[in-house]
Q: 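Have a look at this one.
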Amino acid sequence: MEISLGGRRIGVDMKAEACRRLIFAGLILLSFLAVLIYNIFTPAMTDDLSYGSVVAGADSLWDLLRQEQYQYMTWTGRSVGSMILRCFLKGDKWIFNICNSLVFVLLTLFMYYNIERKKKYDVFVYLLVNLFVWTFAVSFAQTVLWETGACHYLWGSAIIMGYISAVRYCMQADYAGVSQIAPAVGLFLAGLVAGWCNENTSGGCILLTGIWVAVYVWKNRRVRAWMILGLLGNLTGFLFMTLAPGNANRMQYMEEEHTGWLAVLSRWLKINLAVRDNLFLLIAICIVTFILVRQQQAEWERSRNMGIFFLASLATCYALVLTPEPVVRVYFGASIFMMVASIQGIVDVADKDLYLRTLKLGATAIFSLYFVFTYMDSGANVIRVYRESSERFAYIEEQKAAGNMDITVPLLRPEFENKYTDAYKSELSSEDSGYWVNVAYATYYGVNSISAVPREEWEAMK
């Protein structure tokens, strides 16, 4: 029997949506497996060993909490990531590998959720999110794959993006009356944890939440209880982290060339360089897409989401002017915000024009192909580095069992270095067995000293 044109259209749309849903689910699975493989072949490094030595002395969760309390009082207030790390170091690495890969997928889904004007099960947008994270995330090897770094930066960013997503979901649902109780309690607790993750990224989270609340209040002329409690939880967690006694103690060990306003100016210049080196291409995408949207004469509100995340990203970066020169990985959260902004910009550009649509799809297809080649090439080297690290660990255990307490191991082969392993930045010193990485290895394995020499020299010594 022939159906109407309208019915045929609905049927076609339903089939298209079902197809997208299937591909979308496949992409989620692929995203999980891709990062899981790299996690499996990322060895323990530096702080994994030094923290592991401390955690080994804990016999219960209470002991871990006491260890964290001591660190809070003497070194740092980033208790959320540090406590997550302690729990994983008490278990087998494969537990972390699976959980970390799941959190990576959650982060990509939270980023996807915060993109406006996308289709249901938008394969194009979710593919872009994954490609951007693998390509543009700051210090991917340190912030996603390295166990210590991932617990602080990947998990922290996922918690923060999850909280932001929950706030925006509540705004869309617009809970009122008695139905506000559960969201208010949930957002307070989620905000507390999100505010306690990382100084500059949690600060960016507070800014983002504050802007969204302000936009809601401006448009609707009312305030909800869950908004206030969410922000209050966010600020409470942030204060718990930043006012930790250990922060003041740690600052004593940070040296700067300048003091006073010269120090602030020096930090500002270094942040400019860091933004240029790590976020320039994402910023360029935002600028170009913003201009295109304006040329298409769309309403200014169309670029609002991109603008808010763009602002939050830059604020997350430049907030670092308040602290001595940080390590590069602290820009990870800022890169996540900027990725959301740039992908939102791409989505905002209307693609009714054949050339723009071809540019979007063609560039994404080429980007995907390039990533596949990069993933396979880097993956092979990641596995080679893991093989040599495992050989090194086994050799240390063997020598210790034989009674040798001053052990010499081979350095990693330099030709295996790639952007997805931090092993070379965390490598043993070949000149000083008192170098902190060498000491961390020696402490972890309970030997007097560990030194390293080039592999050719080590093989000649055996």
Side-chain angles (χ1 to χ4, degrees), residues 68 72 76-84 103 106-107 109-111 113-114 151-176 180-220 222-244 246-247 304-305 307-320 322-323 330-338 340-341:
E68 187 54 42
Y72 181 83
T76 179
R78 296 177 190 171
S79 300
V80 171
S82 185
M83 196 63 201
I84 292 171
V103 169
L106 277 177
L107 175 61
L109 290 172
F110 289 143
M111 292 171 68
Y113 178 81
N114 280 276
C151 289
H152 284 87
Y153 295 98
L154 172 63
W155 286 65
S157 295
I159 290 168
I160 287 168
M161 288 300 297
Y163 166 72
I164 292 169
S165 300
V167 170
R168 299 190 70 180
Y169 178 85
C170 289
M171 287 182 175
Q172 291 172 7
D174 200 16
Y175 295 107
Q180 292 186 82
I181 296 175
V185 173
L187 285 180
F188 176 82
L189 295 175
L192 180 71
V193 178
W196 205 335
C197 287
N198 180 279
E199 289 86 350
N200 63 322
T201 312
S202 291
C205 173
I206 294 171
L207 176 62
L208 267 171
T209 307
I211 291 174
W212 284 120
V213 169
V215 169
Y216 176 93
V217 173
W218 176 262
K219 291 178 66 176
N220 299 284
R222 60 174 178 265
V223 179
R224 300 296 192 193
W226 43 265
M227 293 178 184
I228 304 302
L229 282 177
L231 266 174
L232 182 62
N234 222 192
L235 288 166
T236 302
F238 185 76
L239 290 174
F240 270 126
M241 176 176 57
T242 54
L243 298 179
N247 289 332
R304 184 182 64 190
N305 195 45
I308 291 173
F309 274 97
F310 184 88
L311 175 63
S313 177
L314 292 183
T316 300
C317 292
Y318 285 95
L320 294 168
L322 300 175
T323 63
V330 300
Y331 292 95
F332 177 78
S335 72
I336 296 298
F337 293 156
M338 192 62 79
V340 174

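This chain uses plain numbering: 1 for the first residue, then up along the sequence. Hydrogens, waters and symmetry mates play no part in the numbers below; they use all other heavy atoms, side chains included.
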Q: Restricting to non-hydrogen atoms, name the atom on Ile84 and the atom on Cys151 that form the minimum distance, rounded to 0.1 Å.
A: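 Scanning both residues completely, I find the closest heavy atoms to be CG2-SG, 3.9 Å.
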Q: Taking all non-hydrogen atoms of both residues, which atom of Ala244 and which atom of Thr76 are closest, and how far apart?
A: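 That closest heavy-atom pairing would be CB-C, 4.4 Å.
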Q: Could you give the side-chain donor-acceptor pairs of residues 186-193 under 3.5 Å, partners two or more places apart or in another chain?
A:
none

Q: Nearest 0.5 angstrom please: Ile211 CD1 to Arg304 CZ, how far?
A: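 CZ of Arg304 is found 11.0 Å from CD1 of Ile211.
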Q: If the condition is ring-ring contact (aromatic ring centres under 6.0 Å, His included), which residues does Phe240 pass it with, not counting sequence neighbours?
A: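 Applying ring-ring contact (aromatic ring centres under 6.0 Å, His included) to Phe240 gives Trp196.
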Q: Within the side chain of Trp212, is there an N or O that forms a donor-acceptor pair under 3.5 Å with the backbone of Val167?
A: no
Q: Supply the atom-to-atom distance Ile164 CD1 to Ile206 CD1, rounded to the nearest 0.5 angstrom.
A: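 Here the rounded value is 10.5 Å.
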Q: In Å and rounded to the nearest 0.5 Å, what is the CH2 to CE distance from Trp226 to Met171?
A: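 It comes to 5.0 Å.
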Q: What distance do Asn234 atom CG and Leu208 atom CG have between them, rounded to the nearest 0.5 Å?
A: 10.0 Å
Q: Is the backbone N or O of Gly230 less than 3.5 Å from a side-chain atom of Tyr163, with the two atoms forming a donor-acceptor pair by type?
A: yes
Q: For the pair Arg224 and Asp174, evaluate side-chain contact (heavy atoms from CB on, under 4.5 Å) and give the outcome as yes or no after the intermediate values.
A: CA-CA 8 Å; Arg224 300 296 192 193; Asp174 200 16; 3.1 Å; yes
Q: If every non-hydrogen atom of Gln180 is compared with every non-hydrogen atom of Tyr175, which pair is closest and at what distance?
A: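 Distance-wise, the nearest heavy atoms are CG-O, 3.3 Å.
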Q: Do side-chain atoms of Thr316 reach the backbone of Ala312 as a donor and acceptor pair under 3.5 angstrom?
A: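 Pair found, side chain donor or acceptor close to backbone of Ala312.
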Q: Identify the two heavy atoms, one from Ser313 and one from Ala334, that lie closest to each other, and give their separation to 0.1 Å.
A: OG-O, 2.7 Å
Q: Might you point out which heavy atoms bring Tyr331 and Cys317 nearest each other, and give the distance in Å?
A: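 The pair with the smallest heavy-atom distance is CD2-SG, 3.7 Å.
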Q: Parallel, tilted or perpendicular: which describes the rings of Phe332 and Tyr153, with under 30° parallel and over 60° perpendicular?
A: perpendicular
Q: For Leu320, does its backbone N or O pair with a side-chain atom of Thr323 as donor and acceptor, under 3.5 Å?
A: yes
Q: Do the side chain of Thr242 and the main chain of Phe238 share a donor and acceptor less than 3.5 angstrom apart?
A: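 Yes, the answer is positive, given that a donor and an acceptor are paired below the 3.5 Å cut-off.
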Q: Looking at Ser157, Cys197, Ser82, which hits side chain to side chain contact (heavy atoms under 4.5 Å, CB included) with His152?
A: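 Among the candidates, only Ser82 passes.
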Q: Checking Met338 against Phe309 for the side-chain contact (heavy atoms from CB on, under 4.5 Å) test, could you report, in this order, the C-alpha distance in whole Å, the side-chain angles of both residues, the deciding distance, and whether it holds?
A: CA-CA 6 Å; Met338 192 62 79; Phe309 274 97; over 6 Å; no
Q: Please name the pair of heavy atoms, one in Ser79 and one in Tyr72, separated by the smallest distance, quoted to 0.1 Å.
A: OG-CD1, 3.5 Å
Q: Give a yes or no answer on whether the side chain of Asn114 reaches the backbone of Val340 with a donor-acceptor pair at less than 3.5 Å.
A: no
Q: Taking atom CE of Met241 and atom OG1 of Thr236, what is their separation to the nearest 0.5 Å?
A: 12.0 Å
Q: First locate atom OG of Ser165, then atom CE of Met111, and finally report the distance between them rounded to the nearest 0.5 Å.
A: 10.5 Å
